[in-house]
Amino acid sequence: MDFAVVVGHRRMVRHFTTEPVSWATVERLVRTAQHAPSAGYSQGVSFVAVTDAALRQRMAEIAGEAWYTGVGHHPFLSEAPVHLVVCTSEAAYRARYREPDKRKPGQPERVWPVPYWHTDAGCALMLVLLAAVNEGLAAAFVGVRDPARLRALLGIPGDVLPVGVVLIGHGAPDKATRSAQRGRGPLTDVLHRERW
Ligand SMILES: Cc1cc2nc3c(=O)[nH]c(=O)nc-3n(C[C@H](O)[C@H](O)[C@H](O)COP(=O)(O)O)c2cc1C
């Protein structure tokens, strides 16, 4: 698909059909995400792909599906045949930036004005969302309300943060959300020329 078409089609879709998504597709999505840039080439972003129905149901509960259906959404979390948990490891970045090409001997540990492990998770997430559109699929990202419960359910190590879950499947007609009605603001709101 043409890049502009993919970008133009991407939106959070909160309703899925029961059609499954193959494991080969999941692998292609994550391979695309691996093309994301990463600070210092740390590659500290990883994924847990869940297709098991019982596990997805538990994940939907943890992510607050009851709240979504309560405000009128379809039960899109448990509907989605693939739950792709986006994880990031602060430890991986700290370790990478202790390596000799990143830190001279005796130099203090780097101060992180911007936590690049989150920046990189965003870069990888965006590629997953675009790759899903390119495959003719639909996707939505939801935040993790209770990282500890999600970690326990999926065996995610304590030093790895589950940032959120990309729900992936075949899209079904969705309900218009208040957020969607907001539309994108004018370019002048986001583009400052030469100085703020
Ligand atoms: C970091 C981040 C967190 C988000 N968290 C949620 C969420 O928890 N639940 C949800 O339904 N949508 C969530 N969204 C989706 C946004 O609501 C959505 O991207 C925004 O309304 C713009 O709509 P669009 O992506 O369809 O263009 C999140 C998006 C981002 C980037």
Side-chain angles (χ1 to χ4, degrees), residues 1-17 29-30 32-33 36-39 44-50 56-90 93 114-151 153-154 156 160-187 189-191:
M1 230 190 252
D2 177 76
F3 178 70
V5 174
V6 172
V7 173
H9 273 75
R10 191 223 53 81
R11 54 175 287 271
M12 302 299 179
V13 175
R14 298 182 182 87
H15 191 22
F16 300 95
T17 71
L29 297 179
V30 174
T32 300
S38 67
V45 177
S46 53
F47 301 88
V48 183
V50 179
R56 287 189 288 112
Q57 189 59 49
R58 300 269 302 281
M59 290 171 72
E61 282 161 29
I62 293 170
E65 179 151 86
W67 180 85
Y68 288 103
T69 53
V71 296
H73 285 292
H74 297 276
F76 67 101
L77 295 109
S78 46
E79 282 177 352
V82 177
H83 287 208
L84 190 65
V85 186
V86 182
C87 300
T88 196
S89 165
E90 175 178 342
Y93 288 78
V114 174
Y116 284 157
W117 42 97
H118 295 307
T119 312
D120 290 358
C123 291
L125 160 67
M126 191 68 213
L127 284 183
V128 171
L129 296 173
L130 294 178
V133 173
N134 193 48
E135 294 270 353
L137 296 170
F141 179 77
V142 294
V144 172
R145 293 183 179 204
D146 191 339
R149 273 182 78 199
L150 192 60
R151 276 197 187 102
L153 181 68
L154 302 179
I156 297 170
V160 172
L161 179 70
V163 172
V165 183
V166 191
L167 307 152
I168 301 164
H170 294 266
D174 199 354
K175 295 184 178 159
T177 61
R178 226 182 125 243
S179 294
Q181 286 155 13
R182 287 164 59 92
R184 260 60 180 178
L187 191 64
D189 278 4
V190 296
L191 176 61

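Remember, it's 1-based here, ligands and their atoms both numbered in the order they're listed.
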Student: Could you tell me which residues satisfy salt bridge (Lys or Arg N to Asp or Glu O under 4.0 Å) with Glu135, sequence neighbours excluded, listed by chain and number?
Tutor: Arg28
Student: How long is the span from the OG atom in Ser89 to the CG atom in Leu161, to the nearest 0.5 Å?
Tutor: 9.5 Å
Student: List in chain and number order the residues that pass side-chain hydrogen bond (donor to acceptor under 3.5 Å, both in side chains) with Asp174, two or more places apart in sequence or in another chain; answer none if no residue qualifies.
Tutor: Arg11
Student: For ligand 1, list the protein residues that place a heavy atom within a distance below 4.0 Å of one of its atoms, sorted by chain and number.
Tutor: Arg10, Arg11, Met12, Arg14, Tyr68, Phe141, Val142, Gly143, Ser179, Arg184
Student: I'd like to check the salt bridge (Lys or Arg N to Asp or Glu O under 4.0 Å) partners of Glu90; sequence neighbours left out, ordered by chain and number.
Tutor: Arg94
Student: Only one of Leu129, Val13, Val128 clears side chain to side chain contact (heavy atoms under 4.5 Å, CB included) with Ile168; which?
Tutor: Val128
Student: Which distance, rounded to the nearest 0.5 Å, do you find between the NE2 of His83 and the CZ of Arg58?
Tutor: 13.5 Å
